[in-house]
Amino acid sequence: MIDGVLGGPVDQDYLLQARQMQAMSFAVHIPLVCFGIAFPAMVLFLEGLWLRTDDPFYRALAKRWSKAMLILFAVGVVTGTILSFEMGLLWPEFMATFGDVFGLAFGVEGVSFFIEAIFIAIYVYGWDRLPARVHFAAGVPIVVAGLSGSFMVISVNGWMNQPEGFSVRGGEVVDVNPLDALFNKNLWHELVHMYIAGFIVAGFLVAGVYAYGWLRGRRDRHHRVGIVVALSVAALAAPAQLLVGDWAARTVADRQPVKLAAFEGLEKTTKGAPFTLPGGIEIPDLLSVLAFHDPNATVTGLDSVPKDDRPPTGIVKVSFRAMVFIGTALTALGGWFLWTWWRHGRLPSSPWFHRALVAAGPLALVALIAGWITTEVGRQPWVVYQVMRTESAVTGASGVPVGFAVLGLVYAGLAAVTFVMLHRFSRGPLEVEADAA
Amino acid sequence: MLPDLVAGVALLALTAYVLLGGADFGAGFWDLTAGGAQRGAPVRAMIKRAMSPVWEANHVWLIFLLVVLWTGFPVAFGSITSTLAVPLFLAGIGIILRGGAFALKGEAATIAEARALGATFALASVLTPFAFGAAAGAIAAGRVPVGNARGDEWSSWTGSVSILVGLLAVATGAHLAAVFLGADSRRAGRPDMVRAFRARALGSGVVAGGLAIAGLLVVRSEVPALYDGLTSGAGLVCVLVSGAAGLITLRLEWRERFEAARYTAAAAVAAIVAGWAIAQEPYLLPPDLTVHEAAGAHATLVALLVATGLGLLLIVPALTWLFRLALSGRLAYEENPRP
């Protein structure tokens with residue numbers, strides 16, 4: 001275990017508030033990341049349709065979505081900046097001790113961020129003055145940077161859960177190998193899980209906006225195509241996510257058994273461990289099946305480590321269930337759409353389908369945040385799993401609650417204004433230019 | 001050698017941010033002082049047109065600087081962010097307000113909404129560079145010791161050096177913005193705007209120069225070691241280059257030659273940043289922590305330099321294309337104000 005190079009743990013009465021402030025900042029930023037991942041691909045798909053069909057409707061829709069994409073990107077830029085500030089403002093000892101182990105990933109992330117910022121500006125402001133194919137090509141780097149940027153940030157999170165690329169000797173970090181840290185064993189399943197989540201969240205939210213308009217009587221081509229494109233993305237991503245989730249759960253069972261025990265609140269190491277459904281219905285052996293694909297497998301309990309080394313189980317247990325059940329429900333909703341589309345070549349006409357779609361966007365957000373709570377709170381009390389405790393990483397500065405309150409107010413204002421502006425934007429008419437081709 | 005190279009990369013990112021990000025903040029200053037809704041409208045429209053396509057890319061230099069610092073010099077990063085938590089937090093809040101308000105301003109439906117967002121944008125554009133400047137002044141004045149919040153949370157960044165550097169950051173940003181906007185106005189064929197920014201450029205240029213001289217005098221009495229660095233050897237060269245470039249800039253502005261003035265104005269500011277770095281060399285956090293002591297693991301520094309080099313191969317051509325398109329007026333869709 002390591003205390004840190006700045007002088008070891010300090011008195012900090014507000015560790016919990018520091019963690020909550022970080023969690024709040026993260027919860028504000030991560031939905032915007034989903035749009036950074038998925039929106040560029042959806043916009044390019046529409047522009048591609050325009051290039052193939054010459055139908056100016058698709059161009060108008062792509063252009064419209066790209067403006068919303070730019071607003072969300074800008075809000076993501078500033079909220080992401082706050083996250084990088086908070087790494088130092090809240091956790092200076094973590095940064096000082098391990099910055100040179102995991103930092104390289106952020107260096108590459110910085111390059112991705114540059115590419116994203118440059119090409120999103122060229123793309124969105126270049127609609128009217130760039131040749132069509134050049135314009136389309138300018139959108140491709142945005143999609144690639146969305147992937148590579150997530151790759152790098154997830155790499156750091158994977159590393160915090162599965163620290164590699166260094167040794168500890170005499171309480172000091174030595175033998176640093178930044179590439180081993182970058183390509184840690186947790187990277188791949190976390191990356192795929194988050195990347196797919198981006199398409200699910202953005203897809204259901206955009207489809208939900210159009211479904212809301214549809215329920216209010218705006219049943220035109222604009223709304224129909226908006227639902228179909230966004231929902232196709234989400235409906236295809238959702239079932240894939242169930243498989244990736246299974247992969248993730250088995251990896252956690254293997255490498256972070258105490259975290260897995262927290263998923264169920266499993267106190268004692270148990271052969272054939274049960275899993276409790278919401279409502280308290282206990283299914284025998286199900287946790288063993290989820291974790292090891294074997295009903296007789298032994299699942300490690302929380303009591304395998306001292307009390308001080310266990311994560312808070314209540315919130316992890318609730319979050320894990322919320323994620324799994326919402327994810328399953330969204331898969332079913334997507335299945336309803338895919339089935340109707342395949343059999344009848346149209347959207348389900350039931351208003352209940354559209355009402356479910358309106359609810360699906362916010363629910364997907366809940367599942368996203370719940371998933372991050374599961375993995376991040378499940379990592380506690382460690383900031384670097386089994387190497388450095390969160391309480392050793394925290395700042396010695398005072399005023400954490402003040403900062404938390406100020407940032408909370410600013411974010412509430414930002415969220416309210418962004419919501420109002422996007423809502424207004426969504427009600428404006430689609431401006432199809434007849435001579436666009 | 002290796003730590004010096006990484007420090008050089010950090011200095012490059014800092015300079016780019018001070019020049020490009022600084023000019024964006026300066027544009028906010030001119031937005032703030034443009035006058036009432038009617039009278040200030042042309043200036044504000046010019047600012048919006050010039051800033052919209054580039055401000056996000058310009059902002060990324062800050063992220064790049066943070067990343068290079070925490071990867072290359074983690075101990076210094078942790079010490080800076082914990083002792084200077086207050087000004088850095090203020091800068092962060094300013095960044096949210098500035099960026100958020102600027103991005104959402106375009107969707108404002110009423111004059112009142114546009115005013116509220118515009119005022120937020122403009123005030124935050126002054127707060128942020130001041131807070132960053134005060135933090136830089138604290139480092140230069142040797143008030144950031146190694147450790148977790150070991151320095152004083154308030155007095156570390158409220159000394160006279162910090163205040164002057166904060167004001168200087170606001171003034172140089174405003175000056176750069178006036179010069180860049182003057183050049184934009186010329187390209188856009190707006191002689192009235194050229195005149196408006198000529199007056200602003202000359203005024204802010206004189207103020208920035210005055211603050212720089214005042215800063216030198218304060219440093220002389222408060223931080224003698226830094227003063228010695230600025231008045232001898234390469235440090236002195238930087239100070240002289242900055243002064244000469246500033247004077248040439250004022251002359252070019254007088255004659256409305258903004259295209260050329262952009263380069264000399266940038267050189268004047270870059271020379272100050274470089275002079276500061278040279279004057280406190282070999283220290284990263286004077287008076288105790290040197291660049292070499294602060295440096296992270298060798299393998300990481302090598303990897304960081306390689307990644308930066310490869311990254312710049314991608315970024316530089318892309319940025320060049322973006323700036324070319326923006327400067328030639330090909331990145332503008334006309335915003336239709338909604339009723």
Side-chain angles (χ1 to χ4, degrees), chain A residues 5-7 10 71 73-75 77-79 81-82 84-85 87-89 92-93 95-101 103-104 106-111 113-115 117-122 125-130 176-179 395-399 403 406-407 410 414 417-418 421 424-425 428, chain B residues 52-54 56-57 59-60 62-64 66-68 70-72 74-75 77-83 85-86 88-89 92-93 95-97 99-100 102-104 107 109 117 146-150 153 296-297 299-301 303-304 307-308 311 314-315 318-319 321-322 325 330-333 338:
Chain A
V5 292
L6 291 183
V10 290
I71 290 177
F73 178 71
V75 179
V77 167
V78 296
T79 54
T81 302
I82 295 308
S84 39
F85 271 57
M87 305 269 288
L89 291 178
E93 190 73 87
M95 299 306 288
T97 310
F98 291 103
D100 60 344
V101 182
L104 180 64
F106 280 111
V108 183
E109 200 275 335
V111 175
F113 188 16
F114 251 124
I115 296 296
I118 292 167
F119 284 97
I120 209 166
I122 293 175
Y125 289 102
W127 273 108
D128 299 334
R129 310 280 177 91
L130 292 177
V176 173
N177 184 334
L179 288 178
T395 183
S398 63
V406 171
L407 188 67
V410 169
L414 180 71
V417 176
T418 305
M421 295 301 181
R424 188 182 291 154
F425 179 78
Chain B
S52 291
V54 294
E56 283 144 329
H59 174 81
V60 182
L62 171 66
I63 305 295
F64 195 57
L66 291 177
V67 168
V68 171
W70 81 48
T71 309
V75 172
F77 181 80
S79 305
I80 292 168
T81 51
S82 54
T83 287
V86 178
L88 293 177
F89 180 73
I93 292 293
I95 285 170
I96 305 175
L97 295 176
F102 186 76
L104 295 164
E107 298 301 320
L117 288 172
V146 174
N148 186 349
R150 278 263 318 283
E153 283 172 58
T300 302
L301 299 188
L304 183 62
T308 306
L314 290 174
I315 293 166
L319 261 185
W321 193 34
L322 172 68
L325 288 173
R330 273 181 289 172
L331 289 186
Y333 58 71
R338 280 170 227 286

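Proteins get letters first, then strands, A, B, ... in listed order; numbering begins at 1 in each.
Here A:Ala96 is the residue among A:Ala74, A:Ala96, A:Gly107, A:Gly399 with the most heavy-atom pairs under 4.5 Å with chain B. Interface check for chain A: of the options B:Ser79, B:Ala307, B:Ala103, B:Gly92, the most heavy-atom pairs under 4.5 Å are formed by B:Gly92. Interface summary for chain A: among B:Asn148, B:Leu97, B:Thr308, B:Val67, the most heavy-atom pairs under 4.5 angstrom belong to B:Asn148. For the options A:Gly110, A:Gly88, A:Ala121, heavy-atom pairs under 4.5 Å to chain B are most numerous at A:Gly88. By number of non-hydrogen pairs under 4.5 angstrom with chain A, the leading residue of B:Phe77, B:Phe64, B:Phe89, B:Phe102 is B:Phe89. Ranked by non-hydrogen atom pairs under 4.5 Å with chain B, the options A:Val78, A:Asn177, A:Val75 are led by A:Val78.
Annotation: side chain of B:Leu62 is in contact with side chain of A:Phe85 (closest heavy-atom distance under 4.5 Å). Looking at B:Thr300 and A:Val101, their side chains never come closer than 4.5 Å, going by heavy atoms from C-beta outward. Taking the side chain as every heavy atom from C-beta outward, A:Met95 and B:Thr81 never approach each other to under 4.5 Å. Counting only heavy atoms from C-beta outward, the side chains of B:Val60 and A:Ile118 never approach each other to under 4.5 Å.
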Side chain to side chain contact (heavy atoms under 4.5 Å, CB included) assessment of B:Val75 paired with A:Leu6:
CA-CA 7 Å; B:Val75 172; A:Leu6 291 183; 3.9 Å; yes

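Note that CD1 of B:Ile80 and CG of A:Leu89 are 11.5 Å apart. Values are rounded to the nearest 0.5 Å. To the nearest 0.5 Å, atoms CZ (A:Phe114) and CD (B:Glu56) are separated by 12.5 Å. Interatomic distance, A:Thr81 OG1 to B:Leu66 CG, rounded to the nearest 0.5 Å: 8.0 Å. The CD1 atom of B:Ile96 lies 8.0 Å from the OG1 atom of A:Thr79; values are rounded to the nearest 0.5 Å.
Listed here is the closest heavy atom pair of B:Leu314 and A:Val111: CD1-CG1, 4.4 Å. Looking at every heavy atom in both residues, A:Pro92 comes nearest to B:Gly78 through CB-O, 3.4 Å. A pairwise comparison of heavy atoms in B:Ser52 and A:Tyr125 identifies CB-OH, 3.3 Å as the closest pair.
Heavy atoms of B:Leu325 lying under 4.5 Å from chain A belong exclusively to its side chain. At a 4.5 Å heavy-atom cutoff, the contact between A:Leu104 and chain B is made by backbone and side-chain atoms alike. For chain B, the nearby parts of A:Thr418 are the backbone and the side chain; heavy atoms of each come within less than 4.5 Å. For chain A, the nearby parts of B:Leu322 are the backbone and the side chain; heavy atoms of each come within less than 4.5 Å. Contact annotation for A:Val10: only side-chain heavy atoms (C-beta onward) come within less than 4.5 Å of a heavy atom of chain B. Interface residue A:Leu130: only side-chain heavy atoms are found under 4.5 Å from chain B.
Using a distance-only test at 3.5 Å, with no hydrogens or angles considered, no donor-acceptor pair links the side chain of B:Glu107 to the main chain of A:Arg424.
Ring geometry for A:Phe119 versus B:Trp321: interplanar angle of 30 to 60°, hence tilted.
Every residue two or more places apart in sequence or in another chain was checked for a ring-ring contact (aromatic ring centres under 6.0 Å, His included) with A:Phe73, and none qualifies.
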